[in-house]
Trainee: 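Handing you a structure now.
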Amino acid sequence: MRKVLLTLIAAAGAVSFAGTADAKWYKKEVDERGAKCYLVEYIPSTYKYNTRGKLVQHGGTSWEGDIVGGNKIYHRRNPAVYITTKKLVEQDHYTLVPC
């Protein structure tokens, strides 16, 4: 079965390359004065954000509840608190894209 499949694939490849390539003609208007065409595109600033930038409070665990009254108490996890910082990667600018 494998040999038959490989033979079919090889035959399909040979048939696809066997056709002659026809030349395609097209007309393009060229400015003989050497003028160039550009499109103006605005690129906004790019920033890299760090969600763990500036530490405000360390993480830890705590107990909550009334121990004396016999009520339920909870052992809670308190994640750390950070202030997000950002860093400029690329300043905003204009770019000229060829037409």
Side-chain angles (χ1 to χ4, degrees):
M1 180 68 179
R2 182 180 256 175
K3 289 182 180 179
V4 173
L5 184 61
L6 289 174
T7 305
L8 289 175
I9 291 172
V15 169
S16 66
F17 288 117
T20 59
D22 294 331
K24 294 183 179 180
W25 295 91
Y26 63 95
K27 183 178 181 180
K28 182 177 178 182
E29 293 184 21
V30 178
D31 185 7
E32 299 296 331
R33 295 172 291 176
K36 296 189 177 173
C37 172
Y38 293 100
L39 297 174
V40 178
E41 185 178 344
Y42 174 72
I43 307 297
S45 296
T46 305
Y47 289 94
K48 179 180 176 182
Y49 289 90
N50 183 5
T51 58
R52 297 179 108 187
K54 184 177 178 185
L55 180 65
V56 176
Q57 182 179 0
H58 290 283
T61 59
S62 65
W63 293 95
E64 289 185 12
D66 186 16
I67 297 173
V68 178
N71 294 332
K72 290 183 180 180
I73 58 170
Y74 300 99
H75 187 231
R76 300 199 185 246
R77 179 182 162 271
N78 301 320
V81 179
Y82 294 92
I83 295 176
T84 301
T85 58
K86 68 179 182 179
K87 180 180 178 183
L88 180 65
V89 176
E90 184 180 17
Q91 185 90 23
D92 63 331
H93 60 279
Y94 290 98
T95 185
L96 301 176
V97 180
C99 296

Trainee: Quick one: are L39 and L96 in side-chain contact, heavy atoms under 4.5 Å?
Mentor: no

Trainee: Between L88 and S45, which heavy-atom pair has the shortest distance, and what is it?
Mentor: CD1-CB, 4.1 Å

Trainee: Does Y47 have K86 sitting over its ring (NZ/CZ under 6.0 Å from centre, angle to axis within 45°)?
Mentor: yes

Trainee: Between I83 and V56, what is the shortest heavy-atom contact and its length?
Mentor: CG1-CG2, 3.4 Å

Trainee: Can you find a heavy atom in the side chain of Y94 that is under 4.5 Å from one in the side chain of I43?
Mentor: no

Trainee: If you draw a 6.0 Å radius around NE2 in H58, do more than 12 non-hydrogen atoms from other residues or ligands fall strictly inside?
Mentor: no

Trainee: Nearest 0.5 angstrom please: E41 CD to H93 NE2, how far?
Mentor: 8.5 Å

Trainee: Find the distance between CZ (R52) and OH (Y82) and round it off to the nearest 0.5 Å.
Mentor: 4.0 Å

Trainee: Nearest 0.5 Å, what's the CH2-CD1 distance between W63 and I73?
Mentor: 5.0 Å

Trainee: Might you point out which heavy atoms bring G53 and T85 nearest each other, and give the distance in Å?
Mentor: CA-OG1, 3.6 Å

Trainee: Examine Y38 and V40 and state if one hydrophobic cluster contains both, with Ile, Leu, Val, Met, Phe, Trp and Tyr joined whenever side-chain heavy atoms are less than 4.5 Å apart.
Mentor: yes

Trainee: What's the spacing between K87 NZ and K48 NZ if we round to 0.5 Å?
Mentor: 6.5 Å

